K.L.:
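Below is one structure. I have some questions about it.
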Amino acid sequence: MMEIEELIRMDKEIYDKAKKSITEIKPCQQCGWCCNNKRILVTIPEIIRILKHTKKKFSEVFVIEDNKLSVSIKTKKIDSKYYCIFYDNGKCTIHDIKPFQCFTYPIIFHPAIFEIHPPKSYYGKYYVFTCQSPYKGKAISAIEIDDFELITTERLLFLTKNYDIQKKLISKNELAKVVEGVAKIERT
């Protein structure tokens with residue numbers, strides 16, 4: 001339980017840093033492009049927040065990936081495309097507590113982003129990220145390079161700890177029971 005409390009603390013610190021550091025240049029148009037995804041991976045603190053918020057069971061919301069390491073939000077089929085189960089009529093029904101990767105998009109806190117969709121650098125001080133949606137009116141966000149590097153480093157350390165704990169719990173078939181138990185404790 002102490003390990004999970006530590007993950008929750010780390011997650012909150014990183015989330016708060018990202019919130020303070022990201023500048024929205026052009027707001028999200030809520031086109032649903034980023035919700036049209038077969039896998040929105042989540043961490044233990046995010047699972048707990050979502051269970052607490054939705055008051056649902058783990059099996060109703062999440063799926064353990066075949067690698068027995070990752071957990072993702074279930075999807076639903078809409079017009080032959082798969083969307084996050086929390087996508088409803090162009091809106092996120094868990095917007096206030098959505099996962100980090102959803103909250104920070106189009107900024108992606110991972111070193112591999114420079115190979116996939118490199119951000120633009122301005123004055124050697126800021127990275128500017130643009131949504132990869134094919135639609136007009138794409139979201140644009142900026143972050144100072146130093147903040148991006150710090151948050152990316154902290155996030156990767158957090159993910160390493162999270163996946164170590166998650167893998168252990170999954171291998172013992174205890175993940176659902178543990179996160180549901182913590183979500184119930186926090187609800188009261």
Side-chain angles (χ1 to χ4, degrees), residues 1-22 28 30 32 34-78 81-89 91-105 107-113 150-188:
M1 194 68 118
M2 286 291 262
E3 289 178 313
I4 292 179
E5 288 174 12
E6 175 67 5
L7 282 178
I8 292 169
R9 185 196 59 74
M10 290 174 74
D11 177 67
K12 182 173 177 7
E13 285 179 10
I14 295 166
Y15 200 94
D16 289 347
K17 281 181 189 171
K19 192 173 189 173
K20 289 178 187 171
S21 301
I22 295 171
C28 172
Q30 298 181 339
C34 58
C35 303
N36 174 6
N37 194 327
K38 290 191 177 154
R39 290 176 13 147
I40 296 175
L41 299 176
V42 288
T43 62
I44 291 171
E46 292 167 337
I47 294 167
I48 293 166
R49 267 197 312 275
I50 292 168
L51 292 177
K52 182 180 171 189
H53 180 79
T54 63
K55 296 176 177 53
K56 294 186 181 226
K57 292 185 180 240
F58 181 92
S59 61
E60 295 176 89
V61 179
F62 303 104
V63 61
I64 295 173
E65 297 288 324
D66 291 339
N67 65 11
K68 304 291 185 215
L69 170 68
S70 306
V71 175
S72 61
I73 296 174
K74 286 186 172 186
T75 58
K76 61 183 176 182
K77 200 170 185 179
I78 303 173
K81 293 181 180 177
Y82 288 90
Y83 288 84
C84 170
I85 62 168
F86 297 113
Y87 178 77
D88 186 35
N89 230 4
K91 303 285 183 211
C92 175
T93 60
I94 60 166
H95 182 79
D96 292 340
I97 54 126
K98 62 186 171 184
F100 186 82
Q101 75 178 44
C102 302
F103 164 69
T104 61
Y105 189 79
I107 296 176
I108 299 172
F109 290 97
H110 196 283
I113 193 61
L150 175 67
I151 293 168
T152 298
T153 300
E154 290 178 358
R155 179 79 175 156
L156 291 175
L157 288 170
F158 163 77
L159 290 172
T160 300
K161 285 184 178 190
N162 179 81
Y163 288 127
D164 285 346
I165 296 166
Q166 205 162 277
K167 186 177 182 178
K168 284 181 213 167
L169 291 172
I170 289 170
S171 71
K172 295 177 183 177
N173 287 325
E174 293 179 353
L175 180 63
K177 182 176 86 174
V178 169
V179 294
E180 286 174 354
V182 174
K184 281 182 183 173
I185 291 168
E186 287 188 2
R187 250 186 251 153
T188 56

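A quick note: this is a predicted structure, and the numbers were derived from the prediction, not measured.
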K.L.:
Going by heavy atoms in the side chains, are E60 and L51 under 4.5 Å from each other?
P.N.:
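They are not in contact (no side-chain heavy atoms under 4.5 Å apart), so the answer is no.
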K.L.:
Identify the heavy atoms of L69 and K167 that sit nearest to each other, and give their distance.
P.N.:
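That would be CD1-CB, 3.8 Å.
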K.L.:
Between F100 and F109, what is the ring plane arrangement, given parallel below 30°, perpendicular above 60°, and tilted in between?
P.N.:
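If you compare the ring of F100 with that of F109, the planes turn out tilted.
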K.L.:
Show the nearest heavy-atom pair for residues K17 and L150, with the distance to one decimal.
P.N.:
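So the two residues come closest at NZ-CD2, 4.4 Å.
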K.L.:
Are any of the side-chain nitrogens in E13 or R9 under 4.0 Å away from the carboxylate oxygens of its partner?
P.N.:
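Salt bridge between E13 and R9, a charged N being under 4.0 Å from a carboxylate O: yes.
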K.L.:
Is it true that atom NZ of K81 has more than 12 heavy atoms of other residues, nucleotides or ligands lying nearer than 6.0 Å?
P.N.:
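Atom NZ in K81 is not crowded, with 12 or fewer foreign heavy atoms closer than 6.0 Å.
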K.L.:
Quick one, T75 and Y87 - any side-chain contact, counting heavy atoms below 4.5 Å?
P.N.:
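Side-chain contact under 4.5 Å: no.
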K.L.:
Look up atom CD in E154 and atom CG in L156, then write down how far apart they are to the nearest 0.5 Å.
P.N.:
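The CG atom of L156 is 10.5 Å from CD of E154, to the nearest 0.5 Å.
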K.L.:
Rounded to the nearest 0.5 Å, how far apart are CG of N162 and CZ of R155?
P.N.:
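Reported value, rounded in 0.5 Å steps: 8.0 Å.
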K.L.:
Do M10 and K161 make a side-chain contact, defined as non-hydrogen atoms from C-beta onward lying under 4.5 Å apart?
P.N.:
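Yes, their side chains come closer than 4.5 Å.
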K.L.:
What distance do D96 atom CG and K98 atom NZ have between them, rounded to the nearest 0.5 Å?
P.N.:
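Result: 9.0 Å between the selected atoms.
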K.L.:
Hey, which of V178, I64, V179 is the one that makes side chain to side chain contact (heavy atoms under 4.5 Å, CB included) with L169?
P.N.:
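Option passing the side chain to side chain contact (heavy atoms under 4.5 Å, CB included) with L169: V178.
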K.L.:
Quick check: do I107 and I151 have side-chain heavy atoms less than 4.5 Å from each other?
P.N.:
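Side chain of I107 against side chain of I151, heavy atoms only: no contact under 4.5 Å found.
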K.L.:
Can you see which heavy atom on A183 is nearest to which on I48, and at what distance?
P.N.:
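Result for this residue pair: CB-O, 3.9 Å.
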K.L.:
Taking the side chain as every heavy atom from C-beta outward, state whether K68 and S171 have any pair of such atoms under 4.5 Å apart.
P.N.:
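A side-chain contact under 4.5 Å is absent here.
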K.L.:
With a cut-off of under 6.0 Å to the ring centre and 45° to the axis, is R39 in cation-pi contact with Y82?
P.N.:
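Checked: cation-pi criterion not met.
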K.L.:
For the atom pair CZ (F86) and SG (C35), what is the distance rounded to the nearest 0.5 Å?
P.N.:
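The distance works out to 11.5 Å.
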K.L.:
Side-chain contact test, heavy atoms from C-beta onward, threshold under 4.5 Å: evaluate it for I40 versus C84 and give yes or no.
P.N.:
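Result yes, sub-4.5 Å side-chain heavy-atom pair found.
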K.L.:
Any carboxylate oxygen within less than 4.0 angstrom of a Lys/Arg side-chain nitrogen, looking at K20 and D16?
P.N.:
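D16 and K20: not salt-bridged.
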K.L.:
Taking the side chain as every heavy atom from C-beta outward, state whether I170 and V71 have any atom pair closer than 4.5 Å.
P.N.:
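Counting from C-beta outward, I170 and V71 do come under 4.5 Å.
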K.L.:
How long is the span from the CD atom in Q166 to the CD1 atom in I44, to the nearest 0.5 Å?
P.N.:
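With rounding to 0.5 Å, CD (Q166) is 5.0 Å from CD1 (I44).
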K.L.:
Find the distance between CD1 (I165) and NZ (K168) and round it off to the nearest 0.5 Å.
P.N.:
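Those atoms lie 6.5 Å apart.
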K.L.:
Please give me the minimum heavy-atom distance between Y83 and G32, naming the atom from each residue.
P.N.:
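That closest heavy-atom pairing would be CE2-O, 3.6 Å.
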K.L.:
Side chains of I94 and I97: closer than 4.5 Å at any heavy-atom pair?
P.N.:
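Heavy-atom side-chain distance check passes, below 4.5 Å.
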K.L.:
Around N89, counting heavy atoms of other residues, nucleotides and ligands shown, do more than 12 lie under 6.0 Å from its CG?
P.N.:
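No, CG of N89 has 12 or fewer neighbouring heavy atoms, counting only those of other groups under 6.0 Å.
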K.L.:
Of all residues at least two apart in sequence or in a different chain, which pass the ring-ring contact (aromatic ring centres under 6.0 Å, His included) check with F58?
P.N.:
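Once residues adjacent in sequence are excluded, the partners of F58 under the ring-ring contact (aromatic ring centres under 6.0 Å, His included) criterion are F62.
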K.L.:
For K74, what residues pass the side chain to side chain donor-acceptor pair (under 3.5 Å) criterion, not counting sequence neighbours?
P.N.:
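If we apply the side chain to side chain donor-acceptor pair (under 3.5 Å) test to K74, skipping adjacent residues, there are no hits.
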K.L.:
Between E180 and K57 (salt bridge meaning N to carboxylate O under 4.0 Å), is one present in this structure?
P.N.:
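Salt bridge between E180 and K57, a charged N being under 4.0 Å from a carboxylate O: no.
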